[in-house]
Enquirer: 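Got a structure for you, written out below as structure tokens; questions coming shortly.
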Amino acid sequence: MFTRQRPDPSLFPRLLFFVNAALPALLLGWDSFNGRLGTNPQEYLIRTTGMLTLILMTATLTISPLVKITRSPALLPMMKVRRMAGLFTFFYAALHALSYSWFDKELDVRLIVADLLRRPFIFLGMFAFILLVPLAITSTKRMVRRLGGRRWNLLHRLVYLSAIAASVHYYLLVRADKLLPLAFATTLFLLLLWRGRDWSRRIGQP
Ligand code: HEM
């Protein structure tokens with residue numbers, strides 16, 4: 001007799017996330033191809049990819065607390081979206097860093113290094129991005145096995161340092177209305193606070 005396999009409950013949330021996270025890149029590509037990025041396409045690309053990175057980073061860090069706080073079984077499959085969300089964050093961060101290096105600095109390493117030393121917000125952006133690199137490299141199941149769960153978890157806490165650097169990067173570069181950068185920084189701070197409480201509780205457990 002054949003037993004009917006139940007469909008993977010994480011399939012729908014993964015598909016939904018994939019479509020929503022991939023769509024901005026496709027639209028950016030399409031609009032660039034058709035020359036529809038406004039009067040300053042370079043700035044448009046740098047700013048849009050920067051904002052997408054921050055939104056996706058915040059979304060990635062929100063999944064665990066949301067599932068654990070609500071304890072809703074309906075949200076449990078969202079836990080399987082985290083890896084994809086993290087990889088999309090890295091993808092947009094890489095596009096953002098590449099747009100800046102290419103359009104602003106014409107891929108000239110000396111100009112980039114000089115800018116890193118001159119403008120603290122560029123330094124923090126680069127720091128936030130570099131911290132994401134080992135996380136992206138070790139995101140596969142094989143790497144989790146190779147590193148072991150404990151070491152992998154420790155390494156992946158770097159995402160919080162990256163998030164702090166990214167929020168300060170955004171706060172420093174905005175000159176006039178700081179409301180949005182402050183809203184992102186507060187959200188990330190609360191997520192970090194929740195994580196800290198979660199870790200300290202687990203350490204306290206026998
Ligand atoms: C995780 C990494 C990063 C995040 C989350 C991030 C986020 C952001 C955000 C939210 C903006 C503002 C977008 C807007 O104005 O609407 C921005 C702008 C910008 N970022 Fe980043 N960024 C990151 C990494 C980097 C890196 C690596 C560089 C270059 C080394 C960089 C250079 C810039 C520049 C030049 C701008 C535009 C500044 C301006 O228009 O005055 N960022 N970024």
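Being a predicted model, the structure only gives us computed values, none of them experimental. Start at 1 and go down the list; that is how both ligands and their atoms are numbered. Side chains included, hydrogens not; waters and symmetry mates left out as well; all remaining heavy atoms used.
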Enquirer: Which atoms of ligand 1 are found less than 4.0 Å from any heavy atom of A166?
Expert: 5 (C)
Enquirer: Please confirm whether F18 and F88 have ring centers closer than 6.0 angstrom.
Expert: yes
Enquirer: Got an N/O contact under 3.5 Å between E43 and ligand 1?
Expert: no
Enquirer: Is there a donor in the side chain of T138 and an acceptor in the side chain of H156, or the other way round, less than 3.5 Å apart?
Expert: yes
Enquirer: Do ligand 1 and Y170 have nitrogen or oxygen atoms that lie under 3.5 Å from each other?
Expert: no
Enquirer: For atom 13 (C) of ligand 1, what is the nearest protein heavy atom, given as residue, atom name and distance?
Expert: R47 O, 3.3 Å
Enquirer: Write out the residue and atom name of the closest protein heavy atom to atom 25 (C) of ligand 1, then the distance separating them to 0.1 Å.
Expert: H96 CD2, 3.3 Å
Enquirer: Identify the closest protein heavy atom to atom 37 (C) of ligand 1: which residue and atom is it, and at what distance?
Expert: I46 CG2, 3.8 Å
Enquirer: So with a 6.0 Å cut-off around CZ of R71, is the heavy-atom count from everything else above 12?
Expert: no
Enquirer: Would you please indicate yes or no on a ring centroid separation below 6.0 angstrom for Y170 and F121?
Expert: no
Enquirer: Which residue holds the protein heavy atom closest to atom 29 (C) of ligand 1, what is that atom called, and what is the gap in Å?
Expert: Y100 CD2, 3.3 Å
Enquirer: Any sub-3.5 Å donor-acceptor pair from T53's side-chain atoms to A93's backbone N or O?
Expert: yes
Enquirer: Within this structure, what is the CG-CG distance for the pair L132 and L161, rounded to the nearest 0.5 Å?
Expert: 10.0 Å
Enquirer: Does ligand 1 have an atom that lies less than 4.0 angstrom from a heavy atom of D104?
Expert: no
